[in-house]
Amino acid sequence: MKAFTFGGDQSMEKAVLPLSSQQVADRFAKVLERINSAATRVGRDPSSIIVVGATKSVDVERIKAAINAGLKHIGENYVQEAMRKYEAIGDAVKWHFIGHLQTNKAKYVVRFFEVVQSLDRISLAEELSKRALMLGRKIDVLIQVNIGAEETKFGVPPEDAIDFIKAAAKFEGIRIRGLMCIPPYKDDPEDVRPYFRKMVWLAEAVAKAKISNVSMDYLSMGMSHDFEVAIEEGANMVRIGSAIFGPRG
Ligand SMILES: *Cc1c(COP(=O)(O)O)cnc(C)c1O
(Lines give C-alpha, C1' and ligand atoms only; values in the text may rest on other atoms or scores of the structure.)
Protein backbone atom coordinates (compact mmCIF):
# COMPACT_ATOMS: atom_id res chain seq x y z
CA MET A 1 0.00 0.00 0.00
CA LYS A 2 1.11 3.47 -0.82
CA ALA A 3 1.71 6.10 1.81
CA PHE A 4 -0.63 9.05 1.92
CA THR A 5 0.35 11.96 -0.23
CA PHE A 6 -1.20 15.33 0.01
CA GLY A 7 -1.96 16.62 -3.48
CA GLY A 8 0.81 16.60 -6.03
CA ASP A 9 1.54 13.44 -7.94
CA GLN A 10 -1.58 11.42 -7.20
CA SER A 11 -4.09 11.39 -10.03
CA MET A 12 -6.86 12.98 -8.05
CA GLU A 13 -9.91 14.55 -9.57
CA LYS A 14 -9.61 18.27 -9.41
CA ALA A 15 -12.08 19.40 -6.82
CA VAL A 16 -14.04 22.44 -7.90
CA LEU A 17 -15.60 24.09 -4.91
CA PRO A 18 -19.05 25.51 -5.58
CA LEU A 19 -19.27 29.27 -5.30
CA SER A 20 -21.29 30.86 -2.53
CA SER A 21 -24.64 32.46 -3.26
CA GLN A 22 -23.05 35.87 -2.79
CA GLN A 23 -20.31 35.05 -5.28
CA VAL A 24 -22.89 33.94 -7.82
CA ALA A 25 -24.82 37.18 -7.35
CA ASP A 26 -21.63 39.23 -7.77
CA ARG A 27 -20.59 37.36 -10.90
CA PHE A 28 -24.04 37.73 -12.39
CA ALA A 29 -23.87 41.49 -11.78
CA LYS A 30 -20.50 41.62 -13.55
CA VAL A 31 -21.85 39.70 -16.52
CA LEU A 32 -24.72 42.19 -16.77
CA GLU A 33 -22.24 45.08 -16.75
CA ARG A 34 -20.27 43.48 -19.57
CA ILE A 35 -23.48 42.92 -21.55
CA ASN A 36 -24.34 46.57 -21.02
CA SER A 37 -20.96 47.73 -22.27
CA ALA A 38 -20.97 45.46 -25.31
CA ALA A 39 -24.47 46.53 -26.33
CA THR A 40 -23.75 50.20 -25.74
CA ARG A 41 -20.55 50.00 -27.81
CA VAL A 42 -22.57 49.10 -30.88
CA GLY A 43 -25.58 51.29 -30.15
CA ARG A 44 -27.90 48.53 -29.04
CA ASP A 45 -30.36 48.62 -26.15
CA PRO A 46 -28.96 46.33 -23.43
CA SER A 47 -32.45 45.59 -22.16
CA SER A 48 -33.23 43.86 -25.47
CA ILE A 49 -30.75 41.11 -24.62
CA ILE A 50 -32.04 38.05 -22.80
CA VAL A 51 -29.62 36.28 -20.48
CA VAL A 52 -30.16 32.56 -20.20
CA GLY A 53 -28.20 31.09 -17.29
CA ALA A 54 -26.75 27.78 -18.45
CA THR A 55 -27.23 25.69 -15.33
CA LYS A 56 -26.14 22.14 -16.18
CA SER A 57 -24.51 20.62 -13.07
CA VAL A 58 -25.31 23.77 -11.04
CA ASP A 59 -27.24 23.06 -7.85
CA VAL A 60 -30.58 24.57 -6.92
CA GLU A 61 -29.15 26.81 -4.19
CA ARG A 62 -26.93 28.68 -6.63
CA ILE A 63 -29.57 28.83 -9.32
CA LYS A 64 -31.85 30.45 -6.75
CA ALA A 65 -29.10 32.92 -5.83
CA ALA A 66 -28.93 34.02 -9.47
CA ILE A 67 -32.73 34.24 -9.65
CA ASN A 68 -32.73 36.43 -6.56
CA ALA A 69 -30.15 38.61 -8.29
CA GLY A 70 -32.47 39.02 -11.26
CA LEU A 71 -31.90 36.06 -13.60
CA LYS A 72 -35.16 35.30 -15.43
CA HIS A 73 -34.26 32.48 -17.82
CA ILE A 74 -32.32 29.28 -17.32
CA GLY A 75 -31.13 26.71 -19.83
CA GLU A 76 -30.80 23.03 -19.00
CA ASN A 77 -29.16 20.28 -21.08
CA TYR A 78 -30.52 17.12 -19.50
CA VAL A 79 -34.18 16.23 -19.06
CA GLN A 80 -33.81 14.21 -15.88
CA GLU A 81 -31.69 16.83 -14.15
CA ALA A 82 -34.09 19.58 -15.21
CA MET A 83 -37.15 17.75 -13.90
CA ARG A 84 -35.50 17.36 -10.53
CA LYS A 85 -34.65 21.05 -10.39
CA TYR A 86 -38.08 22.09 -11.60
CA GLU A 87 -39.55 20.49 -8.47
CA ALA A 88 -37.57 22.98 -6.40
CA ILE A 89 -37.61 26.06 -8.61
CA GLY A 90 -40.87 25.89 -10.52
CA ASP A 91 -41.99 28.81 -12.63
CA ALA A 92 -39.83 31.42 -10.90
CA VAL A 93 -37.88 31.40 -14.19
CA LYS A 94 -38.49 30.51 -17.82
CA TRP A 95 -37.01 27.16 -18.79
CA HIS A 96 -35.05 26.73 -22.00
CA PHE A 97 -33.93 23.34 -23.21
CA ILE A 98 -30.46 23.85 -24.70
CA GLY A 99 -29.01 20.33 -24.91
CA HIS A 100 -29.40 17.56 -27.44
CA LEU A 101 -32.95 16.27 -27.06
CA GLN A 102 -33.83 12.64 -27.62
CA THR A 103 -37.17 12.26 -29.35
CA ASN A 104 -38.56 9.99 -26.63
CA LYS A 105 -38.01 12.72 -24.01
CA ALA A 106 -40.06 15.36 -25.82
CA LYS A 107 -43.09 14.39 -23.76
CA TYR A 108 -41.40 15.55 -20.56
CA VAL A 109 -40.00 18.73 -22.06
CA VAL A 110 -43.38 20.05 -23.20
CA ARG A 111 -44.61 19.89 -19.60
CA PHE A 112 -42.62 22.84 -18.33
CA PHE A 113 -40.11 24.18 -20.81
CA GLU A 114 -40.97 27.45 -22.51
CA VAL A 115 -38.49 27.01 -25.38
CA VAL A 116 -36.50 24.23 -27.00
CA GLN A 117 -33.40 25.89 -28.45
CA SER A 118 -31.99 22.77 -30.04
CA LEU A 119 -34.44 21.69 -32.73
CA ASP A 120 -32.31 19.95 -35.33
CA ARG A 121 -34.43 17.30 -37.00
CA ILE A 122 -37.92 16.86 -38.41
CA SER A 123 -38.73 13.80 -36.32
CA LEU A 124 -38.19 15.90 -33.19
CA ALA A 125 -40.30 18.77 -34.55
CA GLU A 126 -43.13 16.32 -35.18
CA GLU A 127 -42.91 14.76 -31.72
CA LEU A 128 -42.64 18.10 -29.86
CA SER A 129 -45.62 19.39 -31.79
CA LYS A 130 -47.71 16.31 -31.10
CA ARG A 131 -46.86 16.25 -27.40
CA ALA A 132 -47.44 19.98 -26.96
CA LEU A 133 -50.84 19.80 -28.63
CA MET A 134 -51.79 16.88 -26.36
CA LEU A 135 -51.29 19.27 -23.44
CA GLY A 136 -53.27 21.98 -25.23
CA ARG A 137 -50.27 24.20 -25.77
CA LYS A 138 -47.70 25.23 -28.37
CA ILE A 139 -44.00 25.31 -27.68
CA ASP A 140 -41.47 27.84 -28.95
CA VAL A 141 -38.41 26.43 -30.67
CA LEU A 142 -35.17 27.75 -32.07
CA ILE A 143 -33.40 25.96 -34.88
CA GLN A 144 -29.91 24.82 -33.92
CA VAL A 145 -27.56 25.56 -36.78
CA ASN A 146 -24.21 23.82 -37.07
CA ILE A 147 -22.61 27.03 -38.21
CA GLY A 148 -19.04 25.70 -38.21
CA ALA A 149 -20.04 22.52 -40.07
CA GLU A 150 -18.35 20.51 -37.32
CA GLU A 151 -18.78 16.76 -37.41
CA THR A 152 -18.85 16.59 -33.63
CA LYS A 153 -21.74 19.02 -33.27
CA PHE A 154 -25.47 18.74 -33.67
CA GLY A 155 -27.47 21.17 -35.75
CA VAL A 156 -28.82 21.75 -39.21
CA PRO A 157 -26.16 22.64 -41.80
CA PRO A 158 -26.54 26.33 -42.70
CA GLU A 159 -27.14 25.58 -46.37
CA ASP A 160 -30.09 23.33 -45.46
CA ALA A 161 -31.62 25.70 -42.92
CA ILE A 162 -34.30 27.28 -45.09
CA ASP A 163 -35.59 23.98 -46.45
CA PHE A 164 -35.51 22.50 -42.97
CA ILE A 165 -37.46 25.41 -41.52
CA LYS A 166 -40.08 25.23 -44.27
CA ALA A 167 -40.63 21.56 -43.46
CA ALA A 168 -40.68 22.02 -39.66
CA ALA A 169 -43.03 25.02 -39.85
CA LYS A 170 -45.88 22.72 -40.90
CA PHE A 171 -46.20 21.30 -37.39
CA GLU A 172 -48.82 23.32 -35.58
CA GLY A 173 -47.74 22.60 -32.02
CA ILE A 174 -44.42 24.39 -32.41
CA ARG A 175 -43.62 28.01 -33.17
CA ILE A 176 -40.28 28.67 -34.81
CA ARG A 177 -38.94 31.82 -33.16
CA GLY A 178 -35.30 32.03 -34.21
CA LEU A 179 -31.91 30.39 -34.49
CA MET A 180 -29.32 29.07 -32.05
CA CYS A 181 -25.71 28.05 -32.58
CA ILE A 182 -22.69 26.71 -30.75
CA PRO A 183 -19.80 27.91 -32.92
CA PRO A 184 -16.35 26.31 -32.99
CA TYR A 185 -14.26 27.04 -29.93
CA LYS A 186 -11.46 29.54 -30.53
CA ASP A 187 -8.98 30.77 -27.94
CA ASP A 188 -9.48 34.30 -29.19
CA PRO A 189 -13.20 35.17 -29.22
CA GLU A 190 -12.50 37.57 -32.10
CA ASP A 191 -12.02 34.49 -34.26
CA VAL A 192 -15.61 33.47 -33.59
CA ARG A 193 -16.96 36.72 -35.02
CA PRO A 194 -17.27 35.43 -38.62
CA TYR A 195 -19.54 32.60 -37.43
CA PHE A 196 -21.79 35.01 -35.55
CA ARG A 197 -21.94 37.19 -38.64
CA LYS A 198 -22.96 34.21 -40.75
CA MET A 199 -25.77 33.49 -38.29
CA VAL A 200 -27.08 37.03 -38.69
CA TRP A 201 -27.10 36.68 -42.48
CA LEU A 202 -28.88 33.38 -42.19
CA ALA A 203 -31.54 34.79 -39.86
CA GLU A 204 -32.07 37.64 -42.33
CA ALA A 205 -32.42 35.20 -45.21
CA VAL A 206 -34.98 33.16 -43.26
CA ALA A 207 -36.94 36.30 -42.37
CA LYS A 208 -36.97 37.34 -46.04
CA ALA A 209 -38.38 33.97 -47.05
CA LYS A 210 -41.55 34.90 -45.09
CA ILE A 211 -42.47 31.39 -44.06
CA SER A 212 -45.73 31.11 -42.18
CA ASN A 213 -45.38 30.06 -38.50
CA VAL A 214 -41.78 31.34 -38.54
CA SER A 215 -40.42 34.55 -37.01
CA MET A 216 -36.80 35.42 -36.46
CA ASP A 217 -37.29 37.06 -33.06
CA TYR A 218 -34.37 35.41 -31.29
CA LEU A 219 -30.78 34.85 -32.17
CA SER A 220 -29.31 32.73 -29.40
CA MET A 221 -25.53 32.83 -29.55
CA GLY A 222 -22.64 33.72 -27.26
CA MET A 223 -21.44 31.85 -24.17
CA SER A 224 -19.13 32.82 -21.27
CA HIS A 225 -16.10 32.96 -23.51
CA ASP A 226 -17.49 34.99 -26.39
CA PHE A 227 -20.79 36.66 -25.46
CA GLU A 228 -19.51 40.20 -25.95
CA VAL A 229 -18.54 39.51 -29.56
CA ALA A 230 -21.89 37.78 -30.12
CA ILE A 231 -23.74 40.84 -28.80
CA GLU A 232 -21.70 43.19 -30.97
CA GLU A 233 -22.79 41.10 -33.96
CA GLY A 234 -26.48 41.01 -33.05
CA ALA A 235 -27.25 38.24 -30.56
CA ASN A 236 -30.31 39.04 -28.45
CA MET A 237 -30.10 35.87 -26.36
CA VAL A 238 -26.88 34.75 -24.70
CA ARG A 239 -26.42 31.47 -22.82
CA ILE A 240 -23.98 31.93 -19.98
CA GLY A 241 -22.81 29.27 -17.55
CA SER A 242 -19.36 29.42 -16.03
CA ALA A 243 -19.07 33.23 -16.02
CA ILE A 244 -22.00 33.27 -13.59
CA PHE A 245 -21.79 29.95 -11.76
CA GLY A 246 -18.06 29.21 -11.83
CA PRO A 247 -16.22 26.36 -13.50
CA ARG A 248 -18.04 23.05 -13.79
CA GLY A 249 -16.58 20.18 -11.80
C1 LIG B 1 -22.92 24.77 -21.17
C2 LIG B 1 -23.58 25.49 -22.28
C3 LIG B 1 -23.53 26.89 -22.41
C4 LIG B 1 -22.75 27.77 -21.45
O5 LIG B 1 -21.39 27.50 -21.49
P6 LIG B 1 -20.35 28.42 -20.66
O7 LIG B 1 -19.13 28.35 -21.47
O8 LIG B 1 -20.23 27.80 -19.33
O9 LIG B 1 -20.92 29.78 -20.61
C10 LIG B 1 -24.22 27.47 -23.44
N11 LIG B 1 -24.91 26.75 -24.35
C12 LIG B 1 -24.98 25.42 -24.28
C13 LIG B 1 -25.76 24.68 -25.30
C14 LIG B 1 -24.32 24.74 -23.26
O15 LIG B 1 -24.39 23.40 -23.20
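Start at 1 and go down the list; that is how both ligands and their atoms are numbered.
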Near ligand 1, at a heavy-atom separation below 4.0 Å: residues by chain and residue number: Ala54, Lys56, Asn77, Ile98, Ile182, Met223, Ser224, Arg239, Ile240, Gly241, Ser242, Arg248
Could you pull out all donor-acceptor pairs under 3.5 Å where a side-chain atom in residues 124-134 meets a protein atom, sequence neighbours excluded?
residue	atom	partner	partner atom	Å
Glu127	OE2	Arg131	NE	3.0
Ser129	OG	Gly173	N	2.8

Short side-chain donor-acceptor distance under 3.5 Å, Asp91 and Tyr86: yes
Nearest heavy atoms of Cys181 and Met221, plus distance in Å: SG-CB, 3.8 Å
Phe113 and Trp95 aromatic ring geometry - parallel, tilted or perpendicular at 30°/60° bounds: perpendicular
Donor-acceptor pair between Thr55 and Arg62 side chains, under 3.5 angstrom: no
Residue pair Arg239 / Ser220, side-chain donor-acceptor N/O under 3.5 Å: yes
